[in-house]
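The structure appears below as structure tokens.
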Amino acid sequence: MLPAAVMENGTVTRDEWLSFIDEVATRRQTKLNLSSCDLTELPPEVGKLSDLEWLILSDNRLKSLPESITQLTNLQCLDLSGNLLSDLPESIGYLTELQELNLSGNYLSTFPDIIRQLPALRWLVLNSNQISNLPIWTEDLAKLDVLDLRWNPLPIPLEVLADESNPSKILDFYFSLQAEVSPISLYEAKLIILGEGGAGKTSLKKKIDDENYELSTNEKATEGIDVVRWDFAMADGNIFRTNIWDFGGQEIYHATHQFFLTKRSLYILVADTRRENTDFYYWLNVIELLAASSPVIIVKNEKQDRQCDIDEVLLKGQFNNLKDSLPTNLESNRGLYKVKDAICYHIQQLSHIGDSLPAFWADVRADLEGRRKVENTITLQQYYELCVQHGCTDKSRMLFVSSYLHDLGVCLHFQDDKLLKRTVILKPEWATTAVYKVSDSDTIRQNKGRFTEADTAETWFDSEYSDLRDELLQLMMRFKLAYEIPNQGPNAPGHYIAPQLLPISKPQYDWNSADNLILRYTYDFMPKGILTRFIVETNSRIENQNHVWKNGVILADNWARAEIIEYYPQKEIHIRVSGTNKKPLLEVVRGELWKIHQSYERLKYDELIPCNCAQCKESNKPESYPYELLLKYIGDHRYDIECRASYDKVDVRRLMSDIGDDPMSPYAEEKEVRATRTKSDAPTNLSIGRDIKDSIVIIGNDNNANIELAHTARDIKTLLDELSEEYNPNSAKGQTKIGQAAIAEIKQNSTLKQRAIKALKSAGDEALEQAISHPAAKVVVGGVKGFIEG
């Protein structure tokens with residue numbers, strides 16, 4: 001409990017503050033959250049809290065830290081994000097157990113020298129500061145698990161900085177550039193053309209490249225993606241290279257947009273004025289979700305001079321990244337020059353233009369582009385040999401270059417895929433055309449999306465595909481365009497489903513509607529493909545492998561069944577779960593949807609929990625509460641909410657419990673932080689804090705164990721997911737191989753090994769298996785038990 005004076009009054013005196021510290025010290029708490037308390041200083045007495053392992057001080061006004069922080073010798077996580085720090089005290093160097101340090105959103109102008117004295121540090125966040133250079137000793141930080149330096153004035157492209165889980169990649173780029181005698185400047189970007197099928201995207205692409213191109217009434221529609229290069233001269237004489245990506249407009253091609261609609265690109269949305277079928281709202285939302293603030297130009301293709309008026313003011317009010325709306329007639333070239341001028345202007349304003357790159361990179365890229373004129377792919381070994389020819393013998397640098405070129409769209413190289421990493425795809429459009437040949441196959445369409453490796457052999461019979469069928473099939477699964485049907489037996493291997501071709505009609509199945517757990521998701525804007533991705537990710541749990549259709553799926557385990565149906569016109573997903581033990585399966589569903597939602601930066605949605613009052617339990621349309629609202633109630637220590645239908649008081653904690661919400665969920669850490677932060681704009685004259693009655697949160701030791709279990713399970717699952725790319729996780733043999741490989745990895749990682757043992761001892765076999773949530777979890781848990789027994 002907090003001190004009574006603090007609980008009764010909105011303010012706190014220094015004596016009460018110190019009394020609170022004494023109480024925390026007496027209780028030997030290991031976690032303390034002081035976020036959003038408007039602190040301008042931290043009292044020296046905080047040094048009494050020597051048992052603390054986590055200290056959260058985010059979103060305050062701290063300019064310095066007391067020297068007494070040296071006494072927090074057990075501290076493992078220190079969050080100082082969102083403060084006013086311009087440097088770090090020497091005392092930080094005494095925190096030898098510190099593993100995680102968050103300094104984002106401060107005023108650091110130099111890389112803190114004291115960090116080199118933290119031997120246990122594995123997670124360092126410095127984004128949104130003012131750091132412009134790195135000292136040479138930071139090369140030793142390559143062993144960190146996470147290094148986040150985004151949004152600092154460093155000469156490192158965002159594509160490189162965004163890979164914060166690969167510190168060696170970031171540091172290698174920086175120091176290779178520092179050693180470069182004559183670095184080159186990057187004047188290159190992607191121009192991505194989107195719109196409905198038949199809007200004139202391909203015609204515009206060809207007219208940009210060649211104004212004299214004569215349009216054809218039989219212009220072939222783009223299948224998948226087509227990429228061409230267009231160069232123009234800048235005002236300073238430099239040549240700007242534009243990679244024009246023309247996307248197929250048919251709905252079946254929308255599924256792969258997420259893989260190629262990248263940030264820091266210029267977008268053209270083509271509207272056919274004759275058809276008037278362009279859904280501006282849909283396309284502008286898709287770009288905003290997947291490409292953040294990348295600029296957009298609307299090109300009104302006025303075929304036969306039929307004009308189209310759009311409410312540009314309204315659209316610009318909703319979408320700040322909409323720059324222009326320009327008419328053109330591609331037949332007569334009317335307006336084409338203004339379109340090209342707008343493209344040239346806006347594409348040069350992209351933030352990465354002028355970034356410095358090592359000259360070696362340009363040589364490698366030029367060589368790759370020369371090869372793509374005669375080859376679609378090269379092997380990884382051929383790529384290595386090409387790099388050696390240009391003076392690079394370090395394989396880690398070679399792979400770094402290929403990953404950067406992958407991000408730019410020059411080539412495709414999926415380095416984290418066991419099969420695809422062996423091939424560098426020189427023509428992205430070749431690869432996408434190949435995978436869409438399966439979707440366009442009449443045989444596979446007639447078979448409602450079901451196909452075999454024999455079908456792919458028939459589809460990819462051309463010599464340009466026949467030697468790479470395995471890689472292309474893996475690429476389809478990578479793009480979430482297919483999944484393998486598990487447990488087909490030795491006599492029927494290689495059976496797959498293309499979920500975008502599944503039947504529209506729902507199959508016949510029985511459902512027990514009694515005592516269901518109900519959940520509903522509603523979206524402000526619902527991007528296409530959410531359920532398709534969900535089906536691919538959860539395919540091993542599909543009931544009988546046949547209770548699945550284009551808009552829905554039934555999942556099952558030994559104790560429960562879950563029905564998930566997408567109602568796209570209503571922008572909703574409905575979920576209901578029946579069975580004897582429903583919560584674990586519902587948690588799987590929520591967890592998978594949460595991961596999909598997180599892949600969109602600005603997706604706005606509500607997770608709605610039905611009311612459980614007596615009236616609503618009997619109703620077909622019960623009252624619902626947004627999950628975020630219930631979370632805020634808990635954060636504000638309000639545990640009752642009124643049902644708007646019955647006016648009964650409903651227990652908020654019971655509502656959360658009904659859907660199985662607990663600290664072991666995949667997003668527990670985020671919920672914990674969000675629930676403990678409360679709003680308060682009241683002015684105060686206290687220097688050490690404001691109204692902290694609800695803002696100071698002590699995290700008890702029991703919950704601490706649950707959070708540690710979630711962290712450990714997450715790390716083990718990440719390892720299992722990586723190994724699942726090499727072995728089939730849906731077969732008993734594959735699960736054994738994955739589990740054995742994971743146990744060997746854990747044994748070598750002493751920190752993860754000890755955490756796994758601790759999690760098993762504190763939570764037990766079943767809880768650890770459930771938290772890991774992977775088909776090979778049982779094998780791994782057995783291995784961890786072996787560590788204890790051995």
What residues form a side chain to side chain contact (heavy atoms under 4.5 Å, CB included) with [X], not counting sequence neighbours?
| X | value |
| --- | --- |
| Leu531 | Phe534, Ile535, Ile564, Glu566 |
| Ala498 | Phe451, Gln500, Leu501 |
| Thr580 | Trp559 |
| Glu471 | Leu419, Leu420, Thr423, Leu468 |

Salt bridge (Lys or Arg N to Asp or Glu O under 4.0 Å) involving [X] - partner list, sequence neighbours excluded:
| X | answer |
| --- | --- |
| Lys421 | none |
| Asp394 | none |
| Asp172 | Arg397 |
| Asp557 | none |

Side chain [X], main chain [Y], donor-acceptor under 3.5 Å:
| X | Y | result |
| --- | --- | --- |
| Asn544 | Asn546 | no |
| Asp510 | Asn512 | no |
| Thr456 | Glu453 | yes |
| Asp455 | Thr452 | yes |

Quick one: are [X] and [Y] in side-chain contact, heavy atoms under 4.5 Å?
| X | Y | answer |
| --- | --- | --- |
| Trp549 | Lys448 | no |
| Arg576 | His574 | no |
| Leu380 | Leu399 | yes |
| Lys31 | Cys77 | no |

Quick one: side-chain hydrogen bond (donor to acceptor under 3.5 Å, both in side chains) partners of [X], sequence neighbours excluded?
| X | answer |
| --- | --- |
| Tyr483 | none |
| Thr379 | Gln382 |
| Ser168 | Asn166 |
| Ser402 | His413, Gln415 |

Does the side chain of Tyr509 come under 3.5 Å of the side chain of Glu563 through a donor N or O and an acceptor N or O?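 Their side chains do contain a donor-acceptor pair, which is all the 3.5 Å distance test asks for.
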Give the ring-plane orientation class for His597 versus Tyr523, where under 30° counts as parallel, over 60° as perpendicular and anything between as tilted.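 Because their plane-to-plane angle is over 60°, the rings of His597 and Tyr523 count as perpendicular.
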